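Index from 1, following the sequence. Keep in mind it's a predicted model, so treat the numbers as computed, not measured. Heavy-atom basis, side chains included; hydrogens, waters and symmetry copies ignored.
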Amino acid sequence: MSALTKLSSKGQLTIPKGIREKLDIAPGTEFYLTVEGGRLLATPKRASLPETKRLMDFAGILGKPRNGRSLNMDEIDEAIMDAVTEDEERIQRQWREGRK
């Protein structure tokens with residue numbers, strides 16, 4: 001499914017109703033934004049994804065956290081996405097520097 005939308009003067013995009021319904025996204029949904037090959041990829045942040053539940057199989061494998069505080073699944077998801085975003089930015093920076 002695809003749709004045409006326009007960037008507002010405030011830098012905002014409106015996601016058409018059909019796409020919002022298809023993806024089951026509501027107002028206030030947060031998105032991870034990634035640039036890939038000149039395209040903008042917007043991935044909705046979900047409170048819980050079926051795939052992430054399998055991570056619980058590995059609970060405790062690394063021992064007790066240094067600060068004594070365990071993360072919940074949302075915090076783990078966010079930390080992973082942050083790490084992926086930082087890695088993608090590092091790769092893009094290296095690629096740009098290599099092209100100069």
Side-chain angles (χ1 to χ4, degrees):
M1 173 180 256
S2 63
L4 181 64
T5 190
K6 187 185 285 188
L7 186 67
S8 76
S9 61
K10 293 182 179 182
Q12 299 170 331
L13 290 175
T14 299
I15 301 171
K17 183 178 180 181
I19 291 178
R20 291 193 314 266
E21 289 174 347
K22 185 170 181 79
L23 294 176
D24 191 29
I25 53 178
T29 300
E30 293 179 298
F31 287 82
Y32 296 105
L33 299 178
T34 308
V35 176
E36 291 182 359
R39 291 181 173 197
L40 175 64
L41 177 64
T43 305
K45 179 181 176 185
R46 302 286 184 192
S48 61
L49 297 172
E51 306 89 54
T52 59
K53 292 181 182 173
R54 292 181 295 183
L55 185 59
M56 293 304 295
D57 295 339
F58 298 101
I61 197 169
L62 300 176
K64 187 175 180 180
R66 281 188 251 172
N67 65 3
R69 181 180 170 272
S70 297
L71 301 177
N72 64 38
M73 292 305 294
D74 288 337
E75 293 169 318
I76 291 169
D77 286 344
E78 190 167 335
I80 291 169
M81 187 53 85
D82 288 346
V84 168
T85 301
E86 287 173 15
D87 194 47
E88 176 67 21
E89 289 170 355
R90 179 188 56 79
I91 291 168
Q92 291 292 328
R93 237 185 350 266
Q94 289 175 341
W95 182 80
R96 282 191 304 271
E97 290 169 3
R99 300 235 351 171
K100 289 181 181 177

Separation of Thr85 OG1 from Glu78 CD (nearest 0.5 Å):
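One gets 10.0 Å once the value is rounded to the nearest 0.5 Å.
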
Just list the side-chain donor-acceptor pairs under 3.5 Å for residues 20-37, sequence neighbours left out, or say none.
| unit_1 | atom_1 | unit_2 | atom_2 | d |
| --- | --- | --- | --- | --- |
| Arg20 | NH1 | Ile15 | O | 2.4 |
| Thr29 | OG1 | Ala26 | N | 3.2 |
| Thr29 | OG1 | Ala26 | O | 2.6 |

Run Asp77 and Lys45 through side-chain contact (heavy atoms from CB on, under 4.5 Å) and show every step you take.
CA-CA 9 Å; Asp77 286 344; Lys45 179 181 176 185; 5.9 Å; no

Scan Arg90, Arg96, Glu97 and name whichever one has a side chain to side chain donor-acceptor pair (under 3.5 Å) with Gln94.
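Going through Arg90, Arg96, Glu97 one by one, the side chain to side chain donor-acceptor pair (under 3.5 Å) with Gln94 is satisfied by Arg90 alone.
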
Shortest non-hydrogen contact from Ala3 to Ile19?
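Reported closest heavy-atom pair: CB-CD1, 3.7 Å.
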
